[in-house]
K.L.:
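Take a look at the following structure, please.
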2 protein chains.
Amino acid sequence: MRTETVENYLKTIYNLSADNTAVVANQQLADKLAINPASVTEALRKLHELKYVIYEKSYGTRLTTAGVKMALNIVRRHRIWETYLVKELGFGWDEVHVIAEELEHVKNDKLINKLAEILGNPVFDPHGDPIPDAKGKIQKSNFIKLSEAKIKNNYKVMGVTDHSTAFLKYLDKHHLIIGAGIIVKTIEEFDNSIILVCQKKEVNISPKAAECIIVQALN
Amino acid sequence: MRTETVENYLKTIYNLSADNTAVVANQQLADKLAINPASVTEALRKLHELKYVIYEKSYGTRLTTAGVKMALNIVRRHRIWETYLVKELGFGWDEVHVIAEELEHVKNDKLINKLAEILGNPVFDPHGDPIPDAKGKIQKSNFIKLSEAKIKNNYKVMGVTDHSTAFLKYLDKHHLIIGAGIIVKTIEEFDNSIILVCQKKEVNISPKAAECIIVQALN
DNA sequence: ATTAATTTTTAGGCATACCAAAAATAATAA
DNA sequence: TTATTATTTTTGGTATGCCTAAAAATTAAT
Ligand SMILES: [Mn+2]
Ligand SMILES: [Mn+2]
Ligand SMILES: [Mn+2]
Ligand SMILES: [Mn+2]
């Protein structure tokens with residue numbers, strides 16, 4: 001298998017498995033990678049032979065230790081590049097994901113570690129995702145999705161789970177950037193949309209968007 | 001054809017054709033790309049269909065206008081990355097070529113132009129090769145190969161045509177870095193090796209090495 | 001002009017990474 | 001529990017980009 005193909009599969013399995021806690025379905029992979037389910041089945045069989053995953057027919061897939069190691073490496077490269085593009089090269093958080101999708105495949109540890117060093121070994125990327133260190137160790141957190149937030153509580157925006165330009169530009173427009181403080185005002189009974197206050201302005205967030213915003217409770 | 005394949009062929013054709021002044025033979029491409037001649041024939045036929053080259057059977061290949069444009073673009077990316085790696089990230093001139101071979105395929109004009117801007121839009125890369133500007137314009141020069149140098153004349157090292165780590169480390173050892181002043185002392189009749197003075201020390205250069213060092217005559 | 005050496009092309013194959021359609025399984029709803 | 005729906009796997013194909021071996025063409029040497 002081409003290493004780029006292997007890397008894309010392992011990274012995606014890792015991301016879909018919530019840090020390897022859940023089993024991943026073929027369908028999820030097919031959707032995320034925009035690939036035919038039949039092709040996914042084939043690929044998983046090969047990855048199983050290569051000992052990167054444990055793939056059980058009609059049940060699901062999880063990463064082996066070797067698979068996790070490789071996945072964390074790719075995730076590190078992706079997130080370091082995203083951070084470098086934003087912090088050192090002046091790109092917006094809404095435009096770096098696609099570029100990092102290419103840069104992440106450039107395999108040179110010295111390069112990535114050099115970038116990390118220049119950045120001061122950051123622990124979170126521009127979307128609030130944790131960056132594994134050179135050994136693969138990752139920061140744990142107790143963040144929740146905005147969709148799980150409670151009325152009248154205070155929160156701080158810590159990240160996003162959708163990296164599309166459209167979504168990030170939408171957040172920018174409402175000042176919902178990382179670090180922003182928010183208060184949940186009401187949750188509409190009708191459609192579960194959330195009305196919150198950010199920078200003294202009221203914003204109406206759809207349930208779909210609320211699923212993609214990561215926040216931390218402020219005591 | 002995969003864009004990475006197209007890019008590697010066009011870049012190599014460009015480099016072998018001495019800025020598109022000469023026709024390139026299949027054999028040369030096969031050697032440079034470490035690919036079987038039969039595969040080169042196939043690839044050239046496809047590149048001809050795609051209108052990137054004019055390929056005449058059993059005669060040779062040259063780039064079309066579209067081919068030159070694309071080649072210059074890749075060459076620019078390669079050389080900008082090499083320069084960035086040396087100047088901004090502290091890599092040695094002997095280790096950047098392999099990394100740039102990967103980075104050159106990341107296609108994002110804004111990124112390359114940003115790097116170029118940070119570097120002050122450099123005109124030569126760490127090996128003395130000219131960097132095309134964003135429009136593809138390239139600096140002309142009157143440099144010659146050290147193998148063509150005349151006895152007792154003064155020269156300045158301006159570049160190298162071999163980017164291998166082994167060769168560049170060998171040059172470093174003898175202080176034959178870019179910008180170094182040299183005097184050609186004698187040329188051995190027996191084997192055409194060149195004895196020159198650099199930093200007050202005598203160095204014996206083999207004819208093969210002299211072919212790979214680019215110099216400028218000092219009046 | 002022949003012969004020899006080299007280069008290029010053809011022909012036949014192989015592995016990778018996809019796809020579409022049909023068959024088999026599993027999950028959900030009635 | 002059966003029927004319906006959704007997911008997964010199988011089967012049969014396609015396009016790419018390589019390869020080896022042998023034939024053909026070109027170039028160089030005698
Ligand atoms: Mn990303
Ligand atoms: Mn990210
Ligand atoms: Mn180079
Ligand atoms: Mn160079």
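All chains are named by letter (A, B, ...) in the order of the sequence lines, taking the proteins before the strands, and each is independently numbered beginning at 1.
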K.L.:
Taking the six-membered ring for Trp, are B/Phe143 and B/Phe124 parallel (under 30°), tilted (30 to 60°) or perpendicular (over 60°)?
P.N.:
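Geometry flag for B/Phe124 against B/Phe143: tilted rings.
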
K.L.:
Closest approach to the side chain of B/Ala38, judged atom by atom: which nucleotide of C/dC19, D/dC18, D/dT20 is it?
P.N.:
D/dT20

K.L.:
Out of D/dC18, C/dT8, C/dC18, which has the shortest distance to the side chain of A/Tyr9?
P.N.:
C/dC18

K.L.:
Please determine if a side-chain N or O atom of B/Arg45 lies less than 4.0 Å away from the OP1 or OP2 oxygen of D/dG17.
P.N.:
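So the side-chain polar atoms of B/Arg45 never come under 4.0 Å of the phosphate oxygens OP1 or OP2 of D/dG17.
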
K.L.:
What's the CG-P distance between A/Leu29 and D/dA6, to the nearest Å?
P.N.:
20 Å

K.L.:
Charged N to carboxylate O under 4.0 angstrom, A/Glu95 versus A/Lys169?
P.N.:
no

K.L.:
Between C1' on C/dC18 and CG on A/Leu44, what's the gap in Å once rounded to a whole number?
P.N.:
14 Å

K.L.:
Which listed nucleotide (D/dT9, C/dC18, D/dG17) is nearest to the side chain of B/Lys46?
P.N.:
D/dG17

K.L.:
Could you check whether A/Asn26 gets within reach of a base, just the sugar-phosphate, or nothing at all, counting any heavy atom under 4.0 Å?
P.N.:
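Sugar-phosphate, no base atom in range.
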
K.L.:
Between A/Glu56 and A/Glu42, just flag the one whose closest nucleotide in DNA chain D comes earlier from the 5' side.
P.N.:
A/Glu56

K.L.:
Any side-chain donor paired with an acceptor under 3.5 Å for A/Glu188 and A/Ser193?
P.N.:
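Per modelled atom types, A/Glu188 and A/Ser193 side chains form no pair under 3.5 Å.
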
K.L.:
Tell me the interatomic distance from B/Asn8, atom CG, to D/dT16, atom C1', rounded to whole angstroms.
P.N.:
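One finds 15 Å between C1' of D/dT16 and CG of B/Asn8, rounded.
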
K.L.:
Is the shortest side-chain N to carboxylate O distance from A/Glu7 to A/Arg77 below 4.0 Å?
P.N.:
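Judged by the 4.0 Å cut-off on N to carboxylate O distance, A/Glu7 and A/Arg77 do form a salt bridge.
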
K.L.:
Would you tell me if any nitrogen or oxygen in the side chain of A/Arg2 comes within less than 4.0 Å of OP1 or OP2 on D/dC18?
P.N.:
no

K.L.:
Looking across every strand, which nucleic acid part, if any, lies under 4.0 Å from A/Tyr59 by heavy atom: base, sugar-phosphate, or nothing?
P.N.:
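The answer is nothing, as A/Tyr59 stays clear of every strand by at least 4.0 Å.
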
K.L.:
Below 4.0 angstrom, N of the basic side chain to O of the carboxylate: do A/Glu104 and A/Arg79 qualify?
P.N.:
no

K.L.:
What is the distance, rounded to the nearest whole Å, between atom CD1 of A/Ile35 and atom P of C/dA20?
P.N.:
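Distance check: A/Ile35 CD1 to C/dA20 P gives 12 Å.
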
K.L.:
How would you label the contact of A/Ala25 with the nucleic acid (heavy atoms, under 4.0 Å): base, sugar-phosphate, or nothing?
P.N.:
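If one applies the 4.0 Å heavy-atom cut-off, A/Ala25 turns out to touch the sugar-phosphate alone, with no base involved.
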
K.L.:
Rounded to whole angstrom units, what separation is found between the CD atom of B/Gln27 and the P atom of C/dT9?
P.N.:
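It is 11 Å, rounded to the nearest whole Å.
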
K.L.:
Measure from the side chain of A/Thr5, starting at C-beta and using heavy atoms only, and say which of C/dA17, D/dT8, C/dT9 lies closest.
P.N.:
C/dA17

K.L.:
Between the side chains of B/His78 and B/His97, is a donor N or O closer than 3.5 angstrom to an acceptor N or O?
P.N.:
yes

K.L.:
Tell me which nucleotide among D/dT8, C/dC19, D/dG17 gets nearest to the side chain of A/Ser39.
P.N.:
C/dC19

K.L.:
Can you tell me if the side-chain N/O atoms of A/Lys57 get under 4.0 Å from OP1 or OP2 in C/dA26?
P.N.:
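Answer is no, no contact under 4.0 Å.
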
K.L.:
Among C/dT8, D/dC19, D/dT8, which nucleotide sits nearest the side chain of B/Thr41?
P.N.:
C/dT8

K.L.:
Nearest whole angstrom, please: distance from the C1' of D/dT16 to the CG of B/Leu47.
P.N.:
13 Å

K.L.:
For C/dT8, does OP1 or OP2 lie under 4.0 Å from any side-chain N or O of B/Tyr55?
P.N.:
no

K.L.:
Roughly how many Å is it from CG in B/Leu33 to P in D/dC18, rounded to a whole number?
P.N.:
8 Å

K.L.:
If each of A/Asn36 and A/Ser58 is mapped to the nucleotide of DNA chain C with the nearest heavy atom, which maps nearer the 5' terminus, i.e. the 5' end?
P.N.:
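Nearest-nucleotide comparison on DNA chain C picks A/Asn36.
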
